[in-house]
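These numbers come from a predicted model, not from an experiment. Residue numbers start from 1 in every chain, and the chains themselves are labelled A, B, ... in the order their sequence lines are given, proteins ahead of strands.
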Amino acid sequence: MNYDLVMKLALERGFYFPSCEVYGDAKAGFWEYGPSGVSIKNKFLQLWRRELVRRDRMLEIDGSQIMSSSVFEASGHLSSFADPIVKCKKCGATFRADRLISETCQVEIPESAALEEFDKVITEKKLLCTKCQGEFDAAKKFNMMFQVGIGPEAEPAYLRPETCQSIFVDFPRLYKTMRGKLPLGIAQVGKSFRNEIAPRQSLLRLREFYQAEIEVFCNPSKLNEMERFSEVQDTTIRILIDDKIQAMTCKEAVDSNTVPNKLVAYYLGLLSEFYEKTGIDMSKSRFRKLGDKEKAFYADVAFDFEVETTIGWLELVACNYRSDYDLTSHAKKSNEKFEVMDGEEKTLPHVFELSMGIDRSLYTILEHSLKVDKEHERTVLSVKPYLAPIHVGVLSLVKKDGLAEITDEIYLKIKTKVDAFLDHSGAIGRRYRRLDELGAPFAITVDHQTKEDDTITIRRRDSMEQSRIKISELETILSKEISFP
RNA sequence: GCAGUCAUAGUAUAGCCUGGUUAGUAUUCGGGGUUUCCAACCCUGUGACGCGGGUUCGAAUCCCGCUGACUGCACCA
């Protein structure tokens, strides 16, 4: 299925749509989830909690979205999360200063250098705009963080550009009060904010977006002492090696040194098992080991979990081994102690993170699940039943002869237990089609026979098959069919 | 941020070049009928010119600015 059809479905069926769309000054990069989108997002997160947070006994927190300047001084975002740019005075074109200089006069200046360094070279080498030969203005830093003003004096603070910073600064308290033991996973779901230069393609590149992040704190000398590894040692992970995707078990990945240690392999395994259950086509997925130039400024080793879609390979999860970068920086800046006891050993934990993009994951689930069934002239969202925005459609074959009343009764009985949708209007086939597009795995229909023997038909979304069941069996059947794996 | 293309009901589109009736069509959606298990049919109703300015007696239509979408470049910590 392709991007345009997913977009159309999203707009027509309430999955997602542009923010503030009735106003002409609405800015790009902001989208909202409609009812169907929220429903599938909640279920996706429930699956994430089951498969990762609970399974690994992680601690989940919910931190502030606005964080103090000190946090980002320590994290490096104030200096490193910014690009040096120069603007042409004449035509207004902007360029990355470091790239412009290295491309035009082969002088390498690190992007984190002081702004005067860029100005100096531009003046010395008499660099002019490559488009119009105009002169450049002084170099500036474009920081991708949104600054906010706190209180009447508008003292600067920032919207977090990644959720994980609260996990790092909360770590000492959590470790003490929650009786932590390494390795310890701390998880968080929430919004992050980045002032992207060119947001594009709806949910795939947003200025305000959801992340589900997991920071695993571990003892760097015990990365291969991972008891739980046995749970995933036979789980298959797909890794890109020399431009070829190779499927191997987690054990093989460690033994062949493809993945550096058991801890990292364990979490890549968990992540694969999780995504398998979202219904994403895993044969179109890979872990890609990042080269030195691609890695984030804090990462030692990095694997991106990527999935192939009709608009190319999409990064859904960044798996970064951040070493002690964050805890050391925060310890220094805050003068707090971040070392903990691991058995007899005092250690400053290292961090391995799984930073998941929720919006992109949801898009991919939609794209991989959406099918056009030409034979029956219908569009079907074949999502896993436990992720479906609506679990069951509750329909009357016709409104009259008392059928609507029986249908209402059934709906009343189940509506607080499952996501049910009541519909009496129009032709039955049309109602089935609508439910197919919403991804409802089941529809039940009350007909004339119902009045005689208290049975209803239950229709399955993917096969369109129908069978008769007793009304009294409905709840049991539904709860079994839509339960999480 | 740059360049090109584009912007009309929920969705997809016609009309714009050559300014002038009530902005047309398909589908969706609401109500009613018919049918009585897969988008059928009949009646009926709701619904749109992205925003702001200019030209003009008159602007969906011509001009300017802004915003957004798409594609390419750059960017993606």
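Between the CG atom of A:Leu438 and the P atom of B:C29 there is a distance of 12 Å, rounded to whole Å. The nearest whole Å value for the distance from the CG atom in A:Asn143 to the C1' atom in B:G1 is 17 Å. Counting to the nearest Å, the C1' atom of B:U36 and the NZ atom of A:Lys399 are 14 Å from each other. The separation between A:Arg205 atom CZ and B:C70 atom C1' is 15 Å, rounded to whole Å. Distance, A:Phe209 CZ to B:C76 P: 14 Å, rounded to whole Å. Across the protein-nucleic acid pair, A:Asn195 atom CG and B:C75 atom C1' stand 12 Å apart, rounded to whole Å. For the pair A:Asp401 CG and B:U35 P, the computed distance is 11 Å after rounding to whole Å. For A:Phe142 and B:A74, the CZ to C1' distance is 13 Å, given to the nearest whole Å.
B:A7 and B:U67 make up a base pair, with Watson-Crick or G-U wobble contacts both under 3.5 Å. Across all strands shown, nothing is found opposite B:G47 as a Watson-Crick or G-U wobble partner with both distances under 3.5 Å. Here B:C2 sits opposite B:G72 as a Watson-Crick or G-U wobble pair (both hydrogen-bonding atom distances under 3.5 Å). Nucleotide B:G19 forms a pair with no other nucleotide shown, judged by Watson-Crick or G-U wobble geometry with both contacts under 3.5 Å.
Applying the ring-ring contact (aromatic ring centres under 6.0 Å, His included) rule to pairs touching residues 381-403 of chain A yields A:Tyr386-A:Phe484, sequence neighbours excluded.
The residue A:Ala28 sits close only to the backbone: its heavy atoms come under 4.0 Å of sugar-phosphate atoms, none of a base. At the heavy-atom level, A:Pro18 lies nowhere under 4.0 Å from the strands shown. Using a 4.0 Å heavy-atom criterion, one finds that A:Lys400 contacts the bases of the nucleic acid, with or without backbone contacts as well. Residue A:Tyr3 is classed as a sugar-phosphate contact, given heavy-atom separations below 4.0 Å to backbone atoms only.
Screening A:Leu395, A:Asp408, A:Val394, A:Leu397 against A:His424 for a side-chain contact (heavy atoms from CB on, under 4.5 Å) leaves a single residue, A:Asp408. A:Phe274 pairs in a ring-ring contact (aromatic ring centres under 6.0 Å, His included) with only one of the listed residues (A:Tyr267, A:Phe44, A:Phe305), which is A:Phe44. Looking at A:Arg378, A:Arg13, A:Lys8 one by one, the single match for salt bridge (Lys or Arg N to Asp or Glu O under 4.0 Å) with A:Glu437 turns out to be A:Arg13.
Between the C1' atoms of B:U13 and B:G53, the separation comes to 29 Å (whole Å). For B:C16 and B:C63, the C1' atoms lie 14 Å apart once the distance is rounded to whole Å. Comparing B:A7 with B:G50, their C1' atoms are spaced 7 Å from each other, to the whole Å. B:C17 sits 29 Å from B:U27 when the C1' atoms are compared, rounded to a whole Å. Remark: the separation of the P atoms in B:C66 and B:U71 is 23 Å, to the nearest Å. Distance noted for atom C1' between B:U25 and B:A48: 14 Å (whole Å). On the C1' atoms, B:A26 is 36 Å away from B:G65, given to the nearest whole Å. Rounded to a whole angstrom, the distance from the C1' atom of B:U22 to that of B:C37 is 42 Å.
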With 3.5 Å as the limit, what N/O pairs link the protein to nucleotides 11-13 of chain B?
residue	atom	partner	partner atom	Å
B:U11	O4'	A:Glu12	OE2	3.0
B:U11	O2'	A:Glu12	OE2	3.4

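Residue A:Gln201 places at least one side-chain N or O closer than 4.0 Å to OP1 or OP2 of B:U71.
With sequence neighbours left out, A:Lys470 forms a salt bridge (Lys or Arg N to Asp or Glu O under 4.0 Å) with no residue at all. Scanning for salt bridge (Lys or Arg N to Asp or Glu O under 4.0 Å) contacts around A:Glu405 gives an empty result, with sequence neighbours left out. By the side chain to side chain contact (heavy atoms under 4.5 Å, CB included) test, A:Arg200 is found to be paired with no residue, residues two or more places apart in sequence or in another chain being considered. Residues satisfying the side chain to side chain contact (heavy atoms under 4.5 Å, CB included) criterion with A:Ser202, sequence neighbours excluded, are A:Tyr3, A:Met7, A:Tyr16, A:Trp31. Not a single salt bridge (Lys or Arg N to Asp or Glu O under 4.0 Å) links A:Arg461 to another residue, sequence neighbours left out. Applying the salt bridge (Lys or Arg N to Asp or Glu O under 4.0 Å) criterion to A:Arg430, with sequence neighbours excluded, gives no partner residue.
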When every nucleotide of nucleotides 37-53 of chain B is labelled 5' to 3' by its protein contacts under 4.0 Å (heavy atoms), B for base, S for sugar-phosphate only, - for none, what sequence of letters results?
BBBS-------------
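For B:C75, its base never sits under 3.5 Å from the side chain of A:Arg200 at any donor and acceptor pair.
If you find the closest nucleotide of RNA chain B to A:Ile197 and to A:Ser202, the one lying nearer the 5' end belongs to A:Ile197. Between A:Ile311 and A:Arg207, the residue anchored nearer the 5' end of RNA chain B, judged by the nucleotide with its closest heavy atom, is A:Arg207.
Side-chain atoms of A:Asp304 and A:Trp313, non-hydrogen and from C-beta on, never get closer than 4.5 Å to each other. Taking the side chain as every heavy atom from C-beta outward, A:Val264 and A:Asn261 approach each other to under 4.5 Å.
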